[in-house]
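Quick note on labels: first sequence line is chain A, next is B, and so on, each numbered from 1.
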Amino acid sequence: MNFADEIVQWYLINKRDLPWRNTTDAYTIWLSEVILQQTRVEQGMPYFYRFLEKYPDVSSFAAAHEDEILKLWQGLGYYSRGRNMLKTARLVQETYSGRFPDSYNELIKLKGIGEYTAAAISSFAANEAKAVVDGNVYRVLARYFGIYEPINSTQGKKTFQKLADDFLNKKMPGLHNQAMMEFGAMLCKPKNPACNVCPVRPGCEAFKTGAVATLPVKLKTVKIRERFFNYFLITDGDTVLMNKRGENDIWANMFDLPMIETGSILPLEELLKQPEVLSVFGKKIDAAEVSPVHKHILTHQRLFVRLIQIHNQPEIKTDKNWVKIDVQNLPGLALPKIIFILLKNIFNL
DNA sequence: ATCCCGGTCT
DNA sequence: AGACCGGGAT
C-alpha cells in the first residue's frame, strides 16, 4: 500500500464523526468549510449548527440581512468571511437559481472561496479530482517526504500543490482529502505528533532523520517595528553628554545621546510634558529642535530620530550610563551611523 | 504577556 | 507582502 492508501485506511478507522461529513450538499459543505477557515473544529461547530438551523439553504441565506449574518458570526473572527458569504449566497441565488455550484471552476470564482475551499467543496460534494492543501496537508507532506521548502513561499506553495495533486486518489478524491486533513489534525499534529502509532512511520523521511519537529519550514514574516527616538544634546563648555547603551537593544554597548523613546512623533511641546522628560530635565527647559526627523532603516526596525538641544539646564538628574565627553574625542567613540550624522552636523566633525 | 496558528483578499 | 481575528500554548 502506498502512503496515501495507508492514510485512508487509518482515516476509516480513526475519523471523528463530524456533521458536515455526512452530506454531499454543496451548500452545507460550503457553510462548514468557510466557518472552518482559520478556525478550530471545536470552535466552529456551534456556529455551523446555528447557521444551518437559521439558513437551511442558500435561498434563506441570500435573503438575510448583513447585520443578522454578522450577529450570528459574532465571536468567530475574520468577519469578512461572513460578509463574503452573503455576497456569494446572493450571487448563487441570482445566477444559479439557488443551486449551489459544486465544480472547482465555478466555485473558485465566488467571493470567499479560494483554492483550498474550492477543492474541498468540489471533491466532497461531487468527487471532483482536486487535491486540498491546507495547513494539515502541508505538514503531512513536508514531513513524510522531507521537504524543506517553505510552505508560505510562492515556489513552496506550487511544490506542495503539485505533490498533493500527484498523490491524490483519483478514484475517491473526497475520501482522500478528508483523510489527509484528519490525519494531519489528529495524528501528525504540529506539536507532539503521535509517531509511535503512525501507520506510515517506516516511510516517513522526517522521522528517519529526526526532523519531525523542524518540518514544515515556514518563512517567518519579519515585522518591522517603528520607534521614535528623541535625543537630547546637552553641552557644557567643550563637552557633550553621551550615553553608553546597554546589552539588550540595538547598538549594544555603543554610545548615543541621552534619549526618550516615545510611541509616536510628538510635537516638541508635547514631548517636554512627558513624565519621563519631566523627571529627568524638570519643567523649565529651554529646548529647541536642532535637526529634522531623520528616518533610519534597520533590518527589523524603522527609526525616527531627532535631536533636541537643551540650552540652560543647571540641574539634570543624570543617569549612571551618562558620561561627559570632550567634543574632540567624539570621533574616537563607537557611534551608530545616525548618531554620528547628528553630531557631525552640529560639531562639524 | 507574548507567540503561534491558519485561508482569502487586496 | 500585509491585513484580517480569536483561541490555545508557552
ask   = Is A:E182 salt-bridged to A:R21, cutoff N-O under 4.0 Å?
value = yes

note = Separation of B:dG7 atom C1' from A:I113 atom CD1, nearest Å, is 12 Å

task = Send over the distance from A:Q43 CD to C:dC5 P, rounded to a whole Å.
result = 14 Å

ask   = Is the shortest heavy-atom distance from the side chain of A:F183 to the side chain of A:W10 under 4.5 Å?
value = yes

note = Whole-Å distance, A:Q38 CD to C:dG2 C1', equals 14 Å

A:R81 NZ/CZ over A:Y78 ring centroid, <6.0 Å and within 45° of normal = no

N or O in side chain of A:T117 less than 4.0 angstrom from B:dT8 OP1/OP2 = yes

ask   = In terms of the nearest nucleotide of DNA chain C, which residue is placed more toward the 5' end: A:G77 or A:E42?
value = A:G77

ask   = Taking only side-chain nitrogens and oxygens of A:K218, does any of them come within less than 4.0 Å of OP1 or OP2 of B:dG6?
value = yes

message = Let's see if you can work this out: which of B:dG6, C:dT10, B:dT8 has an atom nearest to the side-chain heavy atoms of A:Y78?
response = B:dG6

request  = Mind calculating the distance between CG (A:N192) and C1' (C:dG8) to the nearest angstrom?
outcome  = 13 Å

message = By nearest heavy atom, map A:K191 and A:A118 onto DNA chain B; which one lands nearer the 5' end?
response = A:K191

request  = Give A:Y116 one of three labels, base, sugar-phosphate or nothing, depending on what nucleic acid heavy atoms sit under 4.0 Å from its own.
outcome  = sugar-phosphate

ask   = Atom CZ of A:R83 and atom C1' of B:dT10: how far apart are they, to the nearest Å?
value = 14 Å

key: Sequence-distant partners of A:K344, salt bridge (Lys or Arg N to Asp or Glu O under 4.0 Å), two or more places apart   = none

query = In whole Å, what is the span from the NZ atom of A:K87 to the P atom of B:dT8?
reply = 16 Å

ask   = Counting any heavy atom closer than 4.0 Å, what does A:I108 reach on the DNA or RNA strands: base, sugar-phosphate only, or nothing?
value = nothing

message = Let me spell it out: for each of A:N84 and A:T39, pick the nucleotide of DNA chain B with the closest heavy atom. Which residue's pick is nearer the 5' end?
response = A:T39

side-chain N/O A:R139 vs B:dC5 OP1/OP2, d < 4.0 Å = no

inquiry  = How many whole angstroms separate atom CG of A:L76 from atom C1' of B:dG7?
reply    = 13 Å

inquiry  = Strictly below 4.0 Å, N to O, side chains only: are A:E289 and A:R306 in salt-bridge contact?
reply    = yes

key: Separation of B:dG7 P from A:R40 CZ (nearest whole Å)   = 11 Å

ask   = Does the side chain of A:Q37 get closer than 4.0 angstrom to OP1 or OP2 of B:dT8 through an N or O atom?
value = yes

